[in-house]
Asker: 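What follows is a structure written as structure tokens; I'll ask about it next.
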Number of protein chains: 2
Amino acid sequence: MKDVAQHAGVSTATVSRVLNGHAAPTPETRERVLAAIEELGYRPNALARSLRTTSTQTLGLVISDLLNPFFAEIARAVEDEARSHGYCVVIGNADESAEQEATYVRTLLDRRVDGLLLCPATDDPSLVREVSAGGVPLVLLDRTVRGATCPVVRADGSEALTALARRLVGAGHTRIGVIAGPPNTSTGRERTDVLTGSLGGLAQVVHGDFRQESGSQAAARLVDDGATALVAMDNLMGLGALGEIRARGLQIPHDIAFAVFDDQPWFPLLDPPITVIAQPTVEMGQAAALSLLALIDGRQPDDVRLTAKLVLRGSLGEAEL
Amino acid sequence: MKDVAQHAGVSTATVSRVLNGHAAPTPETRERVLAAIEELGYRPNALARSLRTTSTQTLGLVISDLLNPFFAEIARAVEDEARSHGYCVVIGNADESAEQEATYVRTLLDRRVDGLLLCPATDDPSLVREVSAGGVPLVLLDRTVRGATCPVVRADGSEALTALARRLVGAGHTRIGVIAGPPNTSTGRERTDVLTGSLGGLAQVVHGDFRQESGSQAAARLVDDGATALVAMDNLMGLGALGEIRARGLQIPHDIAFAVFDDQPWFPLLDPPITVIAQPTVEMGQAAALSLLALIDGRQPDDVRLTAKLVLRGSLGEAEL
DNA sequence: GAGCAGTAGTTAATCGATTACACATGTATC
DNA sequence: GATACATGTGTAATCGATTAACTACTGCTC
């Protein structure tokens, strides 16, 4: 910057004003400065700028697993929305581990992100408190924590789950296997509670960890126990369950009815196509980014609840008639 | 930091020394400083530190599309490897657009990443030159550019493609549809060249853009033209092609043989499971991260070529006998 | 022509760390 | 007891920007 100033025969203050579009400099000076910038190929140092202004134009996003297409889609949406507002997004992968999540959150805070989007790995509010205590704008995404005091953006699957339960019961299933998420996550618990609630005693629950492997294991146990219908509570566990079903040579829906919470582009390609509860991922990402930007802006956004929808495709068999 | 120093009754220099594990401070002073840090909940400002040290402990990763599981997996691997070396990764989404790619690269440079991993959207070397001119360590990943002068990490699918071609020809296919990537990407061109080369005149090529929609369209055209076998050059176009095949009610492999470049966890779940050329994505990500770290370290890593493997699963029909 | 306002630009403090250099103290050596 | 050397700590410059406060100049009014 000093070089540019010298080159243009002005002070660094003037260069800075040109850079930041301040009113002061004469069109003529402005020209000279811009020419010097061009000539020297100067690019401002964002670190120095941020240090001075205490704004990094950066949002932090900590998610559980980038390999989970659900989160990838959310990340993508957040990123798009943020960019269109002039913000960058730094993504952190917590790998469903509370410890790694905490590490990442702290790293992001150390780098002075302007705000943080968090998909909490567990119910535990301590990390959220820590962030709030630091005064950093925070929005929770997809999941919440006990006694959360910050805006939350999530999908509401109750209606869809109730509808799904009604169909399963209506079709005469009496042993319905639920491959649930971890009970210490809000999504894991709530979805399962709603579904088992509506199934009134017909449900058998096995908890997984939102990963493929746990899906296969849960499916194996539930099928062994005589389940005639299986509902997986996220797409990765669904993938695992489908693998197990296939490995056992079971036919959907003839031998077993099947549904997944979370849609994926390849579900319609299976035979039969898989019935799902589709979450509005893109909207969730957008809404979360917007809430966070509002918070950064000093406004107080409301919580957002978007509805997930039941999409019938055939894998429930007669339950879809 | 000043507060901590005051609290511990020392100067900021000493605090800094404790923080950075310098030899100097007395165990006793160290204790006092650490106590003060603890008490005040002090966390060092990474911006200020980076400004002073000119090192951000951050790598930039610019990929074409986070929604493409291939890149998501790579991103994940890069991130893991980087973290284990004490580095953070900032991911940028170029969305297969050269322009957005350039924007992102510049943003990352402005933030003074210590090194950059780039999956170039096109063959054009100008962006790469710009980065190199800036003296920032750079490694290309998955794709290369014309006359690249920096380390490149990629998968070599020649052998697998040749093997695939041999099988298709051997099984008597005479109109083989190739859903190719964009000709202005190295992967798009090279894969297609190798395959069509080994198919010796039996290939019909339609270029897509590595996205689902273009896959369906290409598949539609090729099937209309009488193709009895289809090869998609990446998983998203493969997804699109499968959709089209299904929409037309064609049976794999009876009506049409099918294979995809890129494996995905759900390919084995289809009926029949899809034959693929699997790329070692995790290894690619790791290798790229390691190469970049080496470069940052002042060493000169070699190019890395990992081999992609043909995985036969049944979707080629008699070609797999 | 003195007084005032307005404009364009400069000087220097500042953000929060790191670190070369200076300084004070204690120990070993002759 | 003077000299040298090691050791622990403090002082202040520095990284590259932003910006409040100030200066210099022009032009206008009375």
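Computed from heavy atoms alone, side chains included, the values below leave out hydrogens, waters and symmetry copies. Every chain is numbered from 1, with letters handed out A, B, ... down the list of sequences.
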Asker: Picking from A:L61, A:V90, A:L66, what satisfies side-chain contact (heavy atoms from CB on, under 4.5 Å) with B:I91?
Answerer: A:L66

Asker: Distance check, rounded to the nearest 0.5 Å: A:L118 atom CG versus A:L140 atom CG?
Answerer: 6.0 Å

Asker: Look at all strands and tell whether B:T29 reaches a base, only sugar-phosphate, or nothing, counting heavy atoms closer than 4.0 Å.
Answerer: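 Result for B:T29 = sugar-phosphate.
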
Asker: Could you give the side-chain donor-acceptor pairs of residues 124-137 of chain A under 3.5 Å, partners two or more places apart or in another chain?
Answerer:
{"unit_1": "A:D124", "atom_1": "OD1", "unit_2": "A:S126", "atom_2": "N", "d": "2.9"}
{"unit_1": "A:D124", "atom_1": "OD1", "unit_2": "A:S126", "atom_2": "OG", "d": "3.1"}
{"unit_1": "A:D124", "atom_1": "OD2", "unit_2": "A:S126", "atom_2": "OG", "d": "3.3"}
{"unit_1": "A:E130", "atom_1": "OE1", "unit_2": "A:R106", "atom_2": "NH2", "d": "3.1"}
{"unit_1": "A:E130", "atom_1": "OE2", "unit_2": "A:R106", "atom_2": "NE", "d": "2.7"}
{"unit_1": "A:S132", "atom_1": "OG", "unit_2": "A:V128", "atom_2": "O", "d": "2.9"}

Asker: Quick test: give all pairs of protein nitrogen or oxygen and nucleotides 18-28 of chain D nitrogen or oxygen below 3.5 Å, distance rounded to 0.1 Å.
Answerer:
{"unit_1": "D:dT18", "atom_1": "OP1", "unit_2": "A:N20", "atom_2": "OD1", "d": "3.3"}
{"unit_1": "D:dT18", "atom_1": "OP1", "unit_2": "A:N20", "atom_2": "ND2", "d": "3.1"}
{"unit_1": "D:dT18", "atom_1": "OP1", "unit_2": "A:R49", "atom_2": "NH1", "d": "2.9"}
{"unit_1": "D:dT18", "atom_1": "OP2", "unit_2": "A:S16", "atom_2": "OG", "d": "2.5"}
{"unit_1": "D:dT18", "atom_1": "OP2", "unit_2": "A:N20", "atom_2": "ND2", "d": "3.3"}
{"unit_1": "D:dT18", "atom_1": "O2", "unit_2": "A:R52", "atom_2": "NH1", "d": "2.5"}

Asker: Out of C:dT10, D:dG16, C:dG9, which has the shortest distance to the side chain of A:T26?
Answerer: C:dG9

Asker: To the nearest Å, give me how far apart CZ (A:R112) and P (C:dA17) are.
Answerer: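 A:R112 atom CZ is separated from C:dA17 atom P by 7 Å.
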
Asker: Between B:R154 and B:D303, does any side-chain N to carboxylate O distance fall below 4.0 Å?
Answerer: no

Asker: What integer distance in Å separates A:D3:CG from D:dC15:P?
Answerer: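 Rounded to whole Å, this separation is 11 Å.
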
Asker: Nearest whole angstrom, please: distance from the C1' of C:dG16 to the CG of A:D110.
Answerer: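 In whole Å, C:dG16 C1' lies 13 Å from A:D110 CG.
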
Asker: Output the rounded distance in Å from NZ (B:K2) to C1' (C:dC15).
Answerer: 10 Å

Asker: I need the CG-C1' distance between B:L51 and D:dG16, as an integer number of Å.
Answerer: 6 Å

Asker: With a 4.5 Å cut-off on side-chain heavy atoms, are B:L116 and B:V113 touching?
Answerer: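 B:V113 vs B:L116: side chains touch.
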
Asker: What is the distance, to the nearest angstrom, from the CD1 atom on A:I37 to the P atom on D:dG16?
Answerer: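 After rounding, the gap between these two atoms is 16 Å.
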
Asker: Would you call B:R189 and B:D123 a salt bridge, using N to O less than 4.0 angstrom?
Answerer: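 Salt bridge: yes.
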
Asker: Between C:dT7 atom P and A:E28 atom CD, what is the distance in whole Å?
Answerer: 18 Å

